[in-house]
Amino acid sequence: MSARHEGALGAVVGAITGLITAATGVFVIPAVPYLQALNLDKDGLIQAMGISFTVSTVALAAGLWLNGSYTPGAAGASVLMLLPALAGMALGQWLRGRLSARAFKQCFMVSLALLGAYQVAQGLAG
């Protein structure tokens, strides 16, 4: 992708990601493929995704809170889920330091595809 188009395309991708997140709670598409198209190094990619996911999570939490859907029980469960999330982040950071940029991106995208397939299977089963 040319640097000339990054700003405009980034705004469009951000708006579409926001709409998809509001409708589904999923904030990976199309943000992650866009960030990958920027050809960032593995540390830059993770940092950009971290910023994107943090902003999306805060916006999603604010939307749930404003709609009265974010109860104290849900907040408590969210805090508890930070522990495995932090453990996963530590493992990912350890792996990122040991894999080449290409291998890391491939592992990351395969993981996202497997997670997506699992979620689809759960949706079809339920």
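We number each residue from 1, following the sequence as shown.
In this structure, Pro30 and Ile20 have side chains that are in contact, with non-hydrogen atoms separated by less than 4.5 Å. Side-chain contact check for Val55 versus Phe27: every heavy-atom pair is 4.5 Å or farther apart. Taking 4.5 Å as the limit, every side-chain heavy atom of Val26 sits out of range of all side-chain heavy atoms of Thr21. No side-chain heavy atom of Leu40 sits less than 4.5 Å from a side-chain heavy atom of Gln47.
Using a 4.5 Å cut-off between side-chain heavy atoms of Ile, Leu, Val, Met, Phe, Trp and Tyr, with links allowed through other members, Tyr70 and Leu66 fall into the same hydrophobic cluster. In the hydrophobic cluster analysis, where Ile, Leu, Val, Met, Phe, Trp and Tyr join through side-chain heavy atoms closer than 4.5 angstrom, Met89 is grouped apart from Phe53. Under the 4.5 Å side-chain contact rule for hydrophobic residues, Leu45 and Ile51 do not share a cluster.
When only modelled atom types and interatomic distance are considered, Thr17 and Tyr34 share no side-chain donor-acceptor pair under 3.5 Å.
Among pairs with a residue in residues 87-105, those fulfilling side-chain hydrogen bond (donor to acceptor under 3.5 Å, both in side chains) read Asp43-Arg96, at least two apart in sequence or across chains.
Within the model, atoms OG of Ser69 and CG of Leu60 stand 10.0 Å from one another, a figure rounded to the nearest 0.5 Å. Distance NZ/Lys42 to CG/Leu95: 10.0 Å, rounded to 0.5 Å. Separating the CG atom in Asp41 from the CZ atom in Phe104 is a distance of 10.5 Å, to the nearest 0.5 Å. If you take CD1 on Ile29 and CD1 on Ile16, they are separated by 11.5 Å, rounding to the nearest 0.5 Å. For the atom pair CD of Gln36 and CG of Leu112, the computed distance is 8.5 Å after rounding to the nearest 0.5 Å.
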